[in-house]
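So the structure is just underneath, and the comments pick up after that.
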Amino acid sequence: MHNKIAVVTGAARGLGRAIAEAFAREGAAVAVTDLNREAAAAVAESLTGMGAAGARAWSLDVRDAAGVEAVFTEIDTALGTPDLLVNNAGVYPDNPLIDMAEAAWDAVIDTNLKGPLLCGQSFVRRRIAAGGGGSIVNVASTAAFSARAGAGHYCASKAGLVMLTKCMAMEFGPHRIRVNAVAPGLIEVEGERVSADYKRNFLPMIPYGRIGQPEDVARAVTFLASDQAEFITGAVLTVDGGFLTGRPLMRSASV
Ligand SMILES: NC(=O)c1ccc[n+]([C@@H]2O[C@H](COP(=O)([O-])OP(=O)(O)OC[C@H]3O[C@@H](n4cnc5c(N)ncnc54)[C@H](O)[C@@H]3O)[C@@H](O)[C@H]2O)c1
């Protein structure tokens, strides 16, 4: 990743932070972008000590087209034209469909689906102007393939992101820009966004027997972003300890 410049959205904490750290350890320069500028700045500061060729923080709301374009222009000036983009920023509130407010639906779709399009556009226009090449990794979810009660907007946004990944791969391939997605299962992140009960009940559905860690996802993202993955585009890599493989119930067992 030496000589590479990576932009990571939603990089102030959780998976985004781990992805930014993984790029830093590989020697890339990293643009740490997030709604929360203060937390992003703290992450950027820590990356330099990990080996990043450079690290800067930007306040970025992926839902805001003009803001996205302005930040990419600033990144160009400060770090250079980005080679890699990770569309990680995402939200996952619980809102049952029966009485989901329009604003709740819009907030999730705008962040998780429109955001990757807007960032992708600003990224790809610059890659094409620079002569092509580059790589996008979209952070989808196993929720793209397996419905979760209370998360209709989230599941739809991630299913949409999987198809957007394929459409981007199709349109950007002629410019040698690869576009792939990771689909993480349940991953342990700081904070209380997922209850202990939910985690306990989820665990038996993971054949590998543990909940994922942000670094599990970060390794898959850096692989897909790297030249090691040349000729891989339009792919979705699940990082879920086998959760999506099927039901862990034997018909003959009494349950
Ligand atoms: N944690 C999991 O179990 C899990 C599983 C599958 C997929 N994912 C996906 O991984 C991504 C990161 O999830 P996480 O668990 O690390 O979440 P998180 O809440 O810990 O971190 C998300 C970050 O995104 C930022 N953000 C939110 N809205 C934004 C916006 N409009 N513009 C810019 N930044 C914004 C937040 O400020 C936060 O720093 C999301 O896309 C999520 O859907 C997470």
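Just so you know, these numbers come straight off a predicted model, no measurement behind them. One-based numbering, in listed order, for ligands and for the atoms of each.
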Pairs flagged by side chain to side chain donor-acceptor pair (under 3.5 Å) wherever residues 122-142 is involved - sequence neighbours left out: Glu69-Ser122, Glu69-Arg126, Thr73-Arg126, Asp76-Arg126, Asn87-Asn138, Asn138-Thr165
Set of residues satisfying side chain to side chain contact (heavy atoms under 4.5 Å, CB included) with respect to Ser195, sequence neighbours excluded: Asp197, Tyr198
Side chain to side chain contact (heavy atoms under 4.5 Å, CB included) partners of Pro248, counting only residues at least two apart: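 Testing Pro248 for side chain to side chain contact (heavy atoms under 4.5 Å, CB included), a comparison that skips the adjacent residues, returns none.
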Hey, mind stepping through Val189 and Arg13 against side chain to side chain contact (heavy atoms under 4.5 Å, CB included) and telling me if it holds? CA-CA 8 Å; Val189 291; Arg13 69 180 192 195; over 6 Å; no
In terms of relative ring orientation, are Tyr92 and Tyr154 parallel, tilted or perpendicular, with 30° and 60° separating the classes? perpendicular
In order of chain and number, which residues sit within 4.0 Å of ligand 1 by heavy atom?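 Within 4.0 Å of ligand 1, the protein residues are Gly10, Ala12, Arg13, Gly14, Leu15, Asp34, Leu35, Leu60, Asp61, Val62, Arg63, Asn88, Ala89, Gly90, Val91, Tyr92, Thr111, Val139, Ala140, Ser141, Tyr154, Lys158, Pro184, Gly185, Leu186, Ile187, Val189, Arg193.
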Determine, stepwise, if the pair Asp216 / Arg219 fulfils salt bridge (charged side-chain N to carboxylate O under 4.0 Å, His left out). CA-CA 6 Å; Asp216 293 318; Arg219 279 193 294 274; 2.8 Å; yes
